[in-house]
There are 2 protein chains.
Amino acid sequence: MLSERQLFVLQVIIDEFIQTAQPIGSRAISKKEEISYSSATIRNEMADLEDMGFIEKTHSSSGRVPSEKGYRFYVDHLVSPFRLSTEDLVTIQDTFEREMLEFERVVQKSATVLSDLTNYTSIILGPEVFETKLKQLQIIPLTPQTAVAILVTNTGHVEHRSFSVPVELDASDLEKMVNILNDRLHGVPLVELHDKLLTEITYLIRTYTKDFEASFQYLRAALFDEQPVKLYFGGKTNILMQPEFKDVNKIRTLYSMIEEEEEMARLIRTNSDGLKVTIGQENKSVAMQDCSLITATYSLGDKQMGTIALLGPTRMEYSRVITLLNVLSGQLSKTFQSWYQNG
Amino acid sequence: MLSERQLFVLQVIIDEFIQTAQPIGSRAISKKEEISYSSATIRNEMADLEDMGFIEKTHSSSGRVPSEKGYRFYVDHLVSPFRLSTEDLVTIQDTFEREMLEFERVVQKSATVLSDLTNYTSIILGPEVFETKLKQLQIIPLTPQTAVAILVTNTGHVEHRSFSVPVELDASDLEKMVNILNDRLHGVPLVELHDKLLTEITYLIRTYTKDFEASFQYLRAALFDEQPVKLYFGGKTNILMQPEFKDVNKIRTLYSMIEEEEEMARLIRTNSDGLKVTIGQENKSVAMQDCSLITATYSLGDKQMGTIALLGPTRMEYSRVITLLNVLSGQLSKTFQSWYQNG
DNA sequence: ATTAGCACTCGGTAGGCAGGAGTGCTAACA
DNA sequence: TGTTAGCACTCCTGCCTACCGAGTGCTAAT
């Protein structure tokens, strides 16, 4: 168990290191106002803290640096509740007050704000489970052989995809098809849409003609195949500016990882609700050894929609950042909530 | 004027440097099979080439390195027509044979292929002048106060934007409005659409009711305001792997520049037709001092559509890359041409 | 329990030295 | 006159050494 003083020393070391990125020596700590002990005393405490694995030396006679275990303990027990500056609050308020009516814009804007406020890299994972409902389906013929399918949700989200139309179908067939589908699928949540579409296909084939089948399969494929997860980034280069990335190879591997959207999505996706901090090696990725990832979920009602994440060095301003993420994910949820209620 | 032998020496130096990224010494050149002169002779030629500014020393006793003027001369006069390997050709063929029906996909895929084949970073500037025509306009009400406007072109390109609907308009008004617009605007090239829309607005206001005006302005704004240029990237991190970027600060500034899409678009946009090589400082950007940018335009008929660009170190495989860009921009033009003819 | 004092450790910087690659110049050669 | 062998010179690179300063661990005194 840690003594009061040890706790305090640990806190000072981490707070200080977060600010300066320099190893902290015993003398520096003993000189601090709040501390009335000599450097020798601090040295003893530091030796204990090191034995327990909370801090480390970079070399045998260097000052101490927080270990990952130290950071872990810090975020679990020491983070002081942070009061956001009014400036920050105003920035966030402004962002959400501007009228934005599209999911993409709101999310992209949030990512930008978050990265601007923190100087880290923000990543937002778009919604995967659409609690949103189908508003309208449109098929617009382009040429005799091609058409574009457009799907609109009650939140104003638009998906579209061009596809080939089998020769035996003409424009009026398509129109018929769309009308039937709109009748039967309006208001269906997108999660269920794929299955419902399949049901409709068999229904239509029975009721009308076999001709529809191929076309339907195209339509289904167009709207549901290889829909890659959408990531929204803010301040992609911010993290490169951190002093821990003065090594070219680290930058290269980290950056390659960031650009690998599939991989990033995998790392960020989470099923646990609420806020989660993943420190250094806890991230299952070599490229992110020196990084921490903080994720928070945003939701629609009680249904989790997506994740909002912040990527920084392990030496991160945890307390401030955690508060910011909480505020932002709350704002996001609130915004979507307001759309949904009116939909 | 350069002698035959000087030309040859210059070519060898540049070719070799492009391969190795190491300064080339006189001995290395004289040892080459095609060269029957001693290193001393080569040294003399090199001294002359240096006087003329085509090559440089990194320090007083180092081998030679091409200067920007050298590269300039090389691309203008020395690039040997390059025979693409059948492997490369097959890769490109495969890309364009797969059925793709959307502008975004074709372009994105091209960018990826280009960067994969070259190990540089590719950037494609989407079309700015739409020679494409309006196929259909849709307005779909979401809530009583909001609606989403969708615009489809004959090439299957879809733009959409949510906007606020003035309280005094209801869904049937919107429907009427859309019908009128579709009647009168079908087939209008997108370049003219904005102006035509304004004309229609005044017409409609005269013919129908004043109520439409506000709504129209919203619609117009939704579809035409702040439409940011769209850039498609391939291999964003490729250029970081080049040995010239072993300095952290260079990486940082270069990368910040790449992420600055507006700035990139400005650099890449060109009004001259065909292929253009911009070497090092010729790029008006500090971040790109050590980079070359090769741009080629693709077009629809005789109308220039967009630019396809490749960003690499000044030490670039110019001949191969130039051929590749020509082939790819040709393929792009061909693909769009085929769409257009059927539209 | 705390602290002053001291020996020790290690990173960082600077200087010196040897080896090597490459150059410029000169003089000899065809 | 063009070419080349030879040689002195330059500068980069790696390596060793010395030295300073910051910080530690330990011991002994308070």
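So you know, we letter chains A, B, ... as the sequences are listed, proteins then strands, and number each from 1. All figures in this text were calculated on a predicted structure; none of them were measured in a lab.
One can place CG of Leu49(A) at 12 Å from P of dT24(D), the figure rounded to the nearest angstrom. Between the C1' atom of dG25(D) and the CG atom of Asp48(A) lies a distance of 13 Å, rounded to the nearest Å. One atom, CD1 of Ile24(A), and another, C1' of dT24(D), lie 15 Å apart when rounded to the nearest Å. In this structure, Phe17(A) atom CZ and dG23(D) atom C1' are separated by 16 Å, rounded to whole Å. Look at CD on Glu56(A): it is 17 Å from C1' on dC10(C), rounded to the nearest Å. In this entry the distance linking CD1 of Ile29(B) with P of dG22(C) reads 11 Å, nearest Å. Separating the NE2 atom of His59(B) from the P atom of dA21(C) is a distance of 12 Å, rounded to the nearest angstrom. What separates CD1 of Ile42(A) from P of dA1(C) is a distance of 16 Å, to the nearest Å.
The side-chain contact (heavy atoms from CB on, under 4.5 Å) test with Ile55(A) is passed by exactly one of Leu10(A), Val65(A), Asp48(A): Leu10(A).
Thr118(A) places none of its side-chain heavy atoms less than 4.5 Å from the side chain of Glu317(A). Counting heavy atoms from C-beta outward, Glu259(A) and Phe233(B) have side chains that stay 4.5 Å or more apart. Residues Arg64(B) and Phe17(B) fail the side-chain proximity criterion, which asks for heavy atoms closer than 4.5 Å.
Counting all heavy atoms, side chain and backbone alike, Ser110(B) lies closest to Ile124(B) at CB-CD1, 3.9 Å. In this structure, Phe245(A) and Arg252(B) approach most closely via the heavy-atom pair O-NH2, 3.0 Å. The heavy-atom pair separating Thr112(B) from Ser122(B) by the smallest distance is N-OG, 4.5 Å.
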Would you tabulate the pairs of protein nitrogen or oxygen atoms and nucleotide nitrogen or oxygen atoms of nucleotides 2-5 of chain D closer than 3.5 angstrom?
from: dT3(D); atom 1: OP1; to: Arg5(B); atom 2: NH1; distance (Å): 2.9
from: dT3(D); atom 1: OP2; to: Arg5(B); atom 2: NH1; distance (Å): 3.3
from: dT3(D); atom 1: OP2; to: Arg5(B); atom 2: NH2; distance (Å): 2.9
from: dT4(D); atom 1: OP2; to: Ser38(B); atom 2: N; distance (Å): 3.0
from: dT4(D); atom 1: OP2; to: Thr41(B); atom 2: OG1; distance (Å): 2.6

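For dG23(D), neither phosphate oxygen OP1 nor OP2 lies less than 4.0 angstrom from any side-chain nitrogen or oxygen of Ser62(A). OP1 or OP2 of dG24(C) has at least one side-chain nitrogen or oxygen of Lys57(B) nearer than 4.0 Å. A close approach under 4.0 Å does occur between a side-chain nitrogen or oxygen of Arg64(A) and OP1 or OP2 of dG25(D).
Within the nucleic acid shown, Thr58(A) has no heavy atom closer than 4.0 Å to any nucleic acid atom.
Residue Ala47(A) places its side chain closer to dG25(D) than to any other of dG25(D), dT23(C), dC11(D).
The base of dT9(C) sits with one of its N or O atoms less than 3.5 Å from a complementary donor or acceptor on the side chain of Ser61(A).
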